[in-house]
2 protein chains.
Amino acid sequence: MNRLLFRTTTIGALSKRTGVKIETIRYYEHIGIMPNPPRTEGGQRIYSESHTKRLTFICRSRELGFSIDEIRSLLKLVDGGEITCGEVLDKTLGHIEDIQKKIADLQRMERVLQEMASKCSGNDVPECPILEALSLGVQAIGDIPT
Amino acid sequence: MNRLLFRTTTIGALSKRTGVKIETIRYYEHIGIMPNPPRTEGGQRIYSESHTKRLTFICRSRELGFSIDEIRSLLKLVDGGEITCGEVLDKTLGHIEDIQKKIADLQRMERVLQEMASKCSGNDVPECPILEALSLGVQAIGDIPT
DNA sequence: ATGAACTCTGTAGTAGCTACAGGGTCAAGG
DNA sequence: CCTTGACCCTGTAGCTACTACAGAGTTCAT
């Protein structure tokens, strides 16, 4: 009951509020990006507003594709108190580049696959140009312009 | 010496020819997508042309983003002898859809990140709109149009 | 026969969780 | 007060697709 008076919650409630699974929250604690929260006498975790905020931060960063390590270093800036906007911007721009590379890779794949698919009749025939193409080796994919 | 007479190779040579690391070739054997090759008296693996072709197939499929499981089922079609072009096309089109989804996800991420970055001065200030945005929670990302 | 280069098996590590098993805790109702 | 059901605890193992060893054995030319 005192739990509600001080606006604290259990791990289950935190999980529901943030959409992060209980196991994942414990995992984040284990790897050190969520703090060890206080416990009840019985040993159950007690969370407060600041935990919710931090978990939301982590969760949203993950949704935007930041790796745990990137999040760790963002959090280090936050926790260190000596955040500068410039550092955060650097990391963000670096991350954007990574994403752009991934997009380019996937688009290249898609182009190749589309081309393969377009050559395929889709009939009941056993000769398949897709399988042919896949067996032909690497030179074909190397030639695709980026 | 008889190795060369029958156009067979060691795992190292196969690795060099295909660009697939030795450990990875053994791994593919372990998980059953490469066959157990014959061995020398001393127990070293002996590969022939058909192995090279199969490994190339796997390698190229991986480069195009097929998962091991997808490759496994493509290979099942190949090995079963009862391949039809249609089945292969189905799997390929399914895979293309997956890739398109991934691209869309990444583009959504990029848009959000770009917008966050554009609001950031990059100065030595401790107030950072990026960190703000990351703490704000999920509703902000939920509102982004796909 | 020796030595360099190669290969063998088996295990453990990577990222980022997820899914249990086998217990303990909490709070409400009887 | 006691039970009951919902919740929570720790610890370990699994997932994908490899990669990286250690410590031993093999191959082949000299």
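Chain letters run A, B, ... following the sequence lines, proteins first and then strands; every chain starts at 1. Just so it is clear, the values below take in all heavy atoms, side chains as well, and ignore hydrogens, waters and symmetry mates.
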Does either side chain, that of B/S48 or that of B/H51, offer a donor lying less than 3.5 Å from an acceptor on the other one?
yes

When the distance from CD of B/E29 to C1' of C/dT7 is rounded to whole Å, what number comes out?
13 Å

Nearest whole Å is fine: how far is D/dA17 C1' from B/H30 NE2?
12 Å

For A/I25 and C/dC17, give me the distance from atom CD1 to atom P, rounded to whole Å.
12 Å

Could you state the atom-to-atom distance from CZ of B/R26 to P of C/dC8 in whole Å?
5 Å

Nearest-nucleotide comparison on DNA chain C, the residue closer to the 5′ end among B/E23 and B/A13:
B/A13

Please test B/D79 against B/R54 for side-chain contact (heavy atoms from CB on, under 4.5 Å), starting from the C-alpha separation and ending with a verdict.
CA-CA 11 Å; B/D79 294 342; B/R54 193 180 182 96; 3.0 Å; yes

Residue whose nearest DNA chain D nucleotide is more 5′ - A/K16 or B/T24
A/K16

Is the phosphate of C/dT7, meaning OP1 or OP2, less than 4.0 Å from a side-chain N or O of B/T10?
yes

Below the 4.0 Å mark, does D/dC18 have OP1 or OP2 next to a side-chain nitrogen or oxygen of B/Y28?
yes

From CD1 of B/I58 across to C1' of D/dA17 the rounded distance in Å is 13 Å

Side-chain donor or acceptor of A/R45 paired with backbone N/O of A/R26 under 3.5 Å:
no

Phosphate-side-chain proximity, B/K21 and D/dA20, N/O vs OP1/OP2 below 4.0 Å
yes

How do B/F66 and B/G43 order along DNA chain D: which one's closest nucleotide is nearer the 5' end?
B/F66

Can you tell me if B/R45 touches the phosphate of C/dT7, counting only side-chain N or O atoms and a distance under 4.0 Å to OP1 or OP2?
no

Presence of A/T40 side-chain N/O under 4.0 Å of C/dT25 phosphate oxygens OP1/OP2:
no

Length of the CD1-P vector between A/I11 and C/dT25, whole Å:
17 Å

How many angstroms lie between CZ in B/F66 and OG in B/S73, if you round to the nearest 0.5 Å?
9.0 Å

Could you tell me the separation between the CD atom of A/E41 and the P atom of C/dC26, rounded to a whole number of Å?
8 Å

Here the distance between atom C1' of C/dT14 and atom CZ of A/R72, to the nearest Å, is 13 Å

Is B/R62 near enough to D/dC18 that one of its side-chain N or O atoms lies under 4.0 angstrom from OP1 or OP2?
yes

